[in-house]
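Reminder, nothing fancy here: chain letters follow the sequence lines and each chain counts from 1.
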There are 2 protein chains.
Amino acid sequence: MALTTSIAAADFEPIAPDAAGAPLYRAVKRSLLRAIEAGRYPAGGSLPSETELASGFGVSIGTLRHAVDELVAEHILVRRQGRGTFVALHNADRFLFQFFHVERSDGLREIPRVELVAFERVRVDEEPAQALGLRPGEPVIQVDNRLMLQGRAVVHDRITLSALLFKGLSEKRLRERRSTIYHLYQTEFGITVTRAQERARAVAADRLAARLLGLAPGVPVMQVRRTALTFGDKPVEYRVSTVNTAQHEYVNLLSGPP
Amino acid sequence: MALTTSIAAADFEPIAPDAAGAPLYRAVKRSLLRAIEAGRYPAGGSLPSETELASGFGVSIGTLRHAVDELVAEHILVRRQGRGTFVALHNADRFLFQFFHVERSDGLREIPRVELVAFERVRVDEEPAQALGLRPGEPVIQVDNRLMLQGRAVVHDRITLSALLFKGLSEKRLRERRSTIYHLYQTEFGITVTRAQERARAVAADRLAARLLGLAPGVPVMQVRRTALTFGDKPVEYRVSTVNTAQHEYVNLLSGPP
DNA sequence: CCCAATTTGTTCGTATGTATA
DNA sequence: TTATACATACGAACAAATTGG
């Protein structure tokens with residue numbers, strides 16, 4: 001016999017229209033999203049079944065599915081026929097390549113080997129402060145990584161994270177992680193990166209980049225500034241990547257108009 | 001009284017399952033896509049109503065909507081409540097910015113002023129030939145544009161088009177176009193660009209770029225190679241953009257995992 | 001190996017609301 | 001105002017995938 005206890009009361013906030021005349025499925029979607037943001041369901045965890053959710057919200061199965069459809073389209077939920085609906089998990093290489101855009105000029109994609117070059121706790125500079133919505137001088141964690149492809153140093157990443165948001169992050173935990181750093185954010189800190197914005201320029205390699213990438217200073221390199229966002233477009237990571245594009249390229253796939 | 005003539009027979013190929021066990025709405029989607037590709041409905045033109053299409057295909061309204069939903073998500077169709085369903089039109093500035101990614105470092109977006117620098121009919125080189133799926137030496141049209149932002153030359157584009165595909169394209173028609181070049185492709189040649197792939201590198205400015213952008217040769221610039229695709233991922237345009245990123249940046253918005 | 005229970009996926013049909021011409 | 005078109009919401013039935021006995 002299946003339990004038919006109320007779901008809505010305990011796990012979700014009551015559904016209320018977003019605005020006058022707003023569709024019902026949007027209210028359901030918002031309630032689901034709030035529950036996920038609040039960590040009510042851990043990343044990778046399963047939600048109640050569609051029939052349970054629908055009856056819990058007091059809506060039809062079709063309306064519930066419409067709401068879940070949109071969350072699936074936004075990559076926040078994942079559906080698996082016969083198993084259930086899950087909070088999206090960023091465990092695989094698939095996720096890596098969603099945000100890692102460097103590949104060899106001939107099109108070869110490889111998983112980069114990451115070398116941690118430096119791990120520091122510092123006060124935040126003007127530029128990352130603005131990107132992360134912090135006041136200059138607030139404590140941040142600054143990580144320098146070197147990414148190797150085909151045994152060659154191709155990318156230098158300088159990552160800036162709010163020390164408050166990533167309380168307890170240590171060099172050890174960073175070194176000992178399996179999988180990607182975004183997977184670490186998600187599993188260890190409950191922070192899911194949903195989107196990112198990147199701005200790229202061509203610059204002459206500075207001394208640090210030249211040394212780490214084995215280049216002559218002044219050689220043209222690509223500099224990519226990335227702000228990674230979580231739910232509600234809240235910034236959680238600022239990253240400056242310096243890419244040696246002598247043998248590699250920065251790849252971008254565009255789709256049609258929105 | 002509304003006409004209830006059969007739609008499917010005249011306008012669409014009969015729906016047949018893609019494969020054993022493939023869902024019905026996919027077959028409907030494919031048939032719709034074929035009709036659009038074939039130019040059965042011009043860009044910007046309206047499709048028959050959902051009820052007409054559904055009865056024409058012999059499926060329920062819900063199944064028809066599911067098929068159209070996917071085409072809308074892929075930006076191939078546009079729905080307007082109370083008006084109808086239309087083949088997506090690339091008329092607006094909105095479309096321009098879908099493929100134009102350069103903006104000022106402070107975030108200012110501006111519509112570029114385009115100067116046609118050269119228009120030539122030549123035999124295609126190795127690189128654009130491969131991108132366009134042509135044999136080296138086939139006739140192509142080569143267009144050189146200079147893009148001005150805030151009165152400054154910021155981008156040089158070299159565009160390569162198959163002379164066969166764009167038969168009748170002249171310098172005059174190119175100069176006299178309103179709107180974007182992709183809009184011209186669509187309205188004058190029936191070619192709709194749906195997606196594009198870009199590969200970027202940092203390079204030292206060559207003499208041509210230096211002259212056109214008013215730079216010293218050797219200055220770092222971004223070089224973006226773009227292949228623009230139409231339905232069925234058929235390549236229709238190859239473009240090499242050289243960007244002076246001294247005051248401007250190349251912007252890219254990423255969404256979550258697929 | 002098969003069966004049964006569970007869960008999502010697909011398809012159908014109907015009714016009503018909202019926007020447009 | 002009226003007719004038409006898409007948007008939302010409801011409910012039902014069966015298919016397909018998964019899991020566990």
Answer yes or no: does a side-chain N or O of [X] lie under 4.0 Å from OP1 or OP2 of [N]?
{"X": "B/Arg79", "N": "D/dA7", "value": "yes"}
{"X": "A/Thr85", "N": "C/dT7", "value": "no"}
{"X": "A/Ser49", "N": "C/dT6", "value": "no"}
{"X": "B/Arg83", "N": "D/dC6", "value": "no"}

Quick check on B/Arg173: does its CZ atom have over 12 non-hydrogen neighbours (other residues, nucleotides or ligands) under 6.0 Å away?
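Counting neighbours around CZ of B/Arg173, more than 12 heavy atoms of other residues, nucleotides or ligands fall under 6.0 Å, so yes.
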Just wondering, are more than 12 heavy atoms of other shown residues or ligands nearer than 6.0 Å to CD in B/Gln130?
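No, the 6.0 Å shell around CD holds no more than 12 heavy atoms from other groups.
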What is the distance, rounded to the nearest whole Å, between atom [atom1] of [X] and atom [atom2] of [N]?
{"X": "A/Leu64", "N": "C/dG9", "atom1": "CG", "atom2": "P", "answer": "12 Å"}
{"X": "A/Glu70", "N": "D/dA7", "atom1": "CD", "atom2": "P", "answer": "12 Å"}
{"X": "A/Arg65", "N": "D/dA12", "atom1": "CZ", "atom2": "C1'", "answer": "14 Å"}
{"X": "B/Arg80", "N": "C/dT18", "atom1": "CZ", "atom2": "C1'", "answer": "16 Å"}
{"X": "A/Ile15", "N": "D/dT8", "atom1": "CD1", "atom2": "P", "answer": "15 Å"}
{"X": "B/Glu50", "N": "D/dT8", "atom1": "CD", "atom2": "C1'", "answer": "12 Å"}
{"X": "B/Leu77", "N": "D/dA5", "atom1": "CG", "atom2": "P", "answer": "16 Å"}
{"X": "B/Ile61", "N": "C/dT11", "atom1": "CD1", "atom2": "P", "answer": "14 Å"}

Contact class for B/Gly62 (heavy atom, under 4.0 Å): base, sugar-phosphate, or nothing?
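Since no nucleic acid heavy atom lies under 4.0 Å of B/Gly62, the category is nothing.
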Students often get this wrong, so: under 4.0 angstrom with heavy atoms, is A/Thr51 touching a base, only sugar-phosphate, or nothing?
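Since no nucleic acid heavy atom lies under 4.0 Å of A/Thr51, the category is nothing.
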Quick one: on DNA chain D, does A/Gly82 or A/Tyr25 contact a more 5' nucleotide (nearest heavy atom)?
A/Tyr25
Would you kindly say whether A/Thr227 and A/Gln197 are connected by a side-chain donor-acceptor distance under 3.5 Å?
no
Take A/Glu198 and B/His101, measure what side-chain hydrogen bond (donor to acceptor under 3.5 Å, both in side chains) needs, and give me the verdict at the end.
CA-CA 11 Å; A/Glu198 296 191 343; B/His101 289 262; over 6 Å; no
Hey, can you tell me if A/Tyr250 and B/Tyr250 have their rings parallel, tilted or perpendicular (30° and 60° cut-offs)?
perpendicular
Is there, by distance only and without an angle test, a donor paired with an acceptor across the side chain of B/Gln81 and the base of C/dT18 below 3.5 Å?
yes
